[in-house]
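Structure, as structure tokens:
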Amino acid sequence: MAGKSHQLMKKHSQTDLVSRLKTRKVLGVGEDDDGEVHRSKISQMLGNEIKFALREPVGLRLWILLSAVVFTAVALMALTFPSQLYEVVFEEEHTATSMSIRLYGGALLSLSLIMWNGLYTTEKVIMQWTLLSEACYFAIQFIVTTITLVELDLFSNSAILLIVSRLLFLAVTLLYYYHVGRRNRKM
């Protein structure tokens, strides 16, 4: 017997992948927010970015690029030519101070920086926050613009187009937000 080496016997259940993943789940190496069990503690801590890149909604990057370009252009116009921007939007002579329109341009430029950052990220959470901030902007702008146009009794074609476009942009952004935040089915 001394000549025989003692071999450790492995249980068949531990070599089975499903049982191993269940054991990891119980021990706390566990699941992420999507219910996926990680193979190591390191992959759990670092996250799994490839998973999001494979399931990205069609046209999402193009939408964020378009948003970033438009936000930047309008912000720069508001910062440099506030009177002209007001006249284009409301089709009347500028009555407000240039400072308020320039402040709007500064806030819009800050949002555009978030859009540019969202364009280059692969993390799902950052993409969700980018889309949520864009959706909040469109919702607030729709409400404020509608109230202002009702108070001023201005219902020109460009004003109605502005309101409808804000609703359309809000709908598209919320649709992407829903698809990015949706849990994917297991195969």
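Both backbone and side-chain heavy atoms feed into the values below; hydrogens, waters and symmetry mates do not.
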Practice item. Give every residue pair that meets the ring pair (Phe, Tyr, Trp, His ring centres under 6.0 Å) criterion with at least one member in residues 111-138, sequence neighbours excluded. Key: Phe71-Tyr137, Phe71-Phe138, Phe138-Phe169

Practice item. Kindly check if the number of other-residue, nucleotide or ligand heavy atoms within 6.0 Å of CZ (Phe81) is above 12? Key: no

Check your understanding: Should Leu119 and Ile126 be counted in the same cluster of Ile, Leu, Val, Met, Phe, Trp and Tyr side chains packed under 4.5 Å apart?
Key -> no

Practice item. Mind running side-chain contact (heavy atoms from CB on, under 4.5 Å) on Thr145 and Leu162 for me, showing each step along the way? Key: CA-CA 8 Å; Thr145 305; Leu162 179 69; 3.5 Å; yes

Check your understanding: Transitively linked via ILVMFWY side-chain contacts under 4.5 Å: Val180 with Leu132?
Key -> yes

Revision key, fill the gap. Sequence neighbours excluded, the answer for side chain to side chain contact (heavy atoms under 4.5 Å, CB included) partners of Ser133 is Leu111, Ile114, Met115

Point to revise | CG on Leu113 to OG1 on Thr72, rounded to 0.5 Å | key: 7.0 Å

Review point. Any side-chain donor-acceptor pair under 3.5 Å between Gln141 and Tyr104?
Key: yes

Check your understanding: Any link between Leu65 and Leu131 through a network of hydrophobic side chains (Ile, Leu, Val, Met, Phe, Trp, Tyr) touching at under 4.5 Å?
Key -> yes

Practice item. Verify the cluster assignment for Ile147 and Leu167: are they in a single hydrophobic cluster under the rule of side-chain heavy atoms below 4.5 Å apart? Key: yes

Point to revise | Any residue meeting side chain to side chain contact (heavy atoms under 4.5 Å, CB included) with Ile140, in chain and number order, not counting sequence neighbours | key: Val144

Point to revise | Taking every non-hydrogen atom, the tightest pair across Arg102 and Ala78 | key: CG-O, 3.6 Å

Check your understanding: When hydrophobic residues are tied together by side-chain contacts of less than 4.5 Å, even through go-betweens, does Val125 share a cluster with Met127?
Key -> yes

Study note, to complete from the structure: Between the OG atom in Ser112 and the CG atom in Asn117, the distance rounded to the nearest 0.5 Å is 11.5 Å

